[in-house]
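Encoded as structure tokens, the structure appears first; notes follow it.
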Number of protein chains: 2
Amino acid sequence: MTTERKKATIRDVARMAGVSYGTVSRYLNGNEHVSSSAAERIAKAIEEAQYTPNKAARSLAQQRTSMVAFIVQVESISTLMQASVSEAMANANQTLGEAGYQMVTLIANSEESTQRIAQLVQSDFADGYLMFSLSEDDSLLNIFRSANRPVVLSESNSHNTTPYPAVDFANTAGQRDITNYLIERGCAKLAYVCGPGYSPSSIKRLNGFKQAMGDRFDDGLVYYADDWEINSGELAAVAFQPRLDEVDAIACANDDIAIGVINQLHRFGYRVPDDIAVTGFDDSPIALMSDPKLTTVRQDSSLHGREMSQLLLSMLRGEAVDDHTVTMLPTTIVERQSA
Amino acid sequence: MTTERKKATIRDVARMAGVSYGTVSRYLNGNEHVSSSAAERIAKAIEEAQYTPNKAARSLAQQRTSMVAFIVQVESISTLMQASVSEAMANANQTLGEAGYQMVTLIANSEESTQRIAQLVQSDFADGYLMFSLSEDDSLLNIFRSANRPVVLSESNSHNTTPYPAVDFANTAGQRDITNYLIERGCAKLAYVCGPGYSPSSIKRLNGFKQAMGDRFDDGLVYYADDWEINSGELAAVAFQPRLDEVDAIACANDDIAIGVINQLHRFGYRVPDDIAVTGFDDSPIALMSDPKLTTVRQDSSLHGREMSQLLLSMLRGEAVDDHTVTMLPTTIVERQSA
């Protein structure tokens, strides 16, 4: 008997029986912690859904598990806690899983881990690679070349070129747009907190700020942060302090930095946005938790993870993709209370 | 020649030369983007540090890379964005990496991914397993049994028993202590927002609340959330609304829920903590971002990741560890402004 009907899963059975996933799982494993009324409903649901647990498991066991490695390259492990990383990771896992690939995540945060990962890549560890790099260490890129497996990068370089296909956000346009938004709302004197110098996104966002500012760009009102963290925003506000009375707005290269700026401005007695407007970049979950809530540039990290995966899947299907392709994802301004 | 001196790394060279990691990496790869003064300082540092890149890489290439799998089992991918998960993951990666193991992270969030991971475990994918489960699906536990490799769990069950060694927080004591703290500060009528029913931590924290409340425990003032998210806290405050005027404090099973409660109380016109005190659990980064800042129970997720890894490493060295061992990590009250 063949059927076009989608194969029922444990979740379908659980929903039909009105019990949890774990209850069905316990029932199937012969575990005693299932009430008799639940057991009856589960048995009925299994019959109605034509659920066949063993057959599904057996067919899976006969084939090799196809793996895709998601490599996160960071200078510091605290970067892993950025929502943009975990959101992209979760959504890549989802998209690849739906296509039958098991995603494995590898963290490259030291010379040793990078060497171990290089060795795994050379042993043909995975069928394809998603490279989520927030570091300037590009030593893995040559290893990929010799492994001859599809690779998709999370970021193009500061000139928007790339040695492998990349999926990136329109960083320059995003920072230019929100800077113009500040200017249009009457902010004349703008300061900027730039992200760390090793990050192509930092450089692109700074370029966007410069484009919007034109002749009014003043390098004396740019603070170059060492990382993407809240503390760097606090340091920036301290560095700007002698000139804060003349500043109308501070645009920041990400939300964490913007929150640090706001915290420090409050300590100095400035009101945000009444005295000084502040903007972020990313629209991470913390943008909603600051007081005032952050006006920021939204980049959709879920979409980032999905688009990187879909591009890799098309390459795994054998579709030709030019190495220098950069897929640009749009950014949008999110108006809240900080500007 | 033998030497006891610790082998120099690229980072040592970078520090000595006063340049970044990436600059040394580019220098070593013959990349042209290195200034001549930097190149001179790097060459000098390499000589002084007796840094030998090729030898190190060659010796690594001769041995098989040892892997430990960090399996995150979640009901919903949004759970991955919890700081407690990413912090434990980052710190486990660090501890295992220092011992020469490459950690690979696998996300089990569906029946299909659980089956794929089971298949990997059966193929003897890794030398050991860290199981970070935030789900009631325990189907992987039997697979581990047949794989016969060391396993460490992130959580004991609600009776503090465990089929494998586990490293867990003192959830019951933590919730009991902060509830007593509220009572000692004059709160007589307490409500509680319980976490999702599938989580052993939820059940243990509820037990801690009950222990502190004793005879005053009122099940009518307990809201049972479906998940750990902000939205559930908002729903809880709505559910409590008819009785809010008599409530002195609302203890919550985690920080996200507590933030949702505070948001909704503000919408209803209550002041926190003046009208109603609110407490969280976890001391996640968002505890500092709420207004007022959260009084909460601190559990150190970095320590969680490190302790799980160290226990696994001792098992990998062949040390005998009883399957039913539960290592309890302490919790502490963090006093801020919400209670």
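Residue numbering restarts at 1 for every chain, and letters A, B, ... go by the order of the sequence lines. When reading the values below, keep in mind they use all heavy atoms of this one structure, side chains included, and skip hydrogens, waters and symmetry mates.
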**Residue part contacting chain A, namely of B:Gln94, when any heavy atom lies under 4.5 Å** = side chain
**Interface moiety of B:Asn93 toward chain A, non-hydrogen atoms closer than 4.5 Å** = side chain
**Fill in**
Result for side-chain contact (heavy atoms from CB on, under 4.5 Å) between A:Ile259 and one of A:Asn263, A:Ile262, A:Asp256 points to A:Asn263
**Asked** Is it the backbone or the side chain of A:Asn109 that comes under 4.5 Å from a heavy atom of chain B, or both, or neither?
**Response** both
**Prompt:** Where the side chain of B:Asp255 meets the backbone of B:Asp283, is there a donor-acceptor pair that is under 3.5 Å apart?
**Reply:** yes
**Asked** With no hydrogens and no angle check, is any side-chain donor or acceptor of B:Thr114 less than 3.5 Å from a backbone partner on B:Ala108?
**Response** no
**Complete:** Note: A:Ile203 and A:Gly197 closest approach over all heavy atoms is CD1-O, 3.7 Å
**Asked** Who among B:Val74, B:Val72, B:Val104 has the most heavy-atom pairs with chain A under 4.5 Å?
**Response** B:Val104
**Fill in**
With chain B, the option among A:Asn91, A:Leu106, A:Ile107 that has the most non-hydrogen atom pairs under 4.5 Å is A:Ile107
**Side-chain donor-acceptor pair present, A:Ser113, B:Gln102, cut-off under 3.5 Å** = no
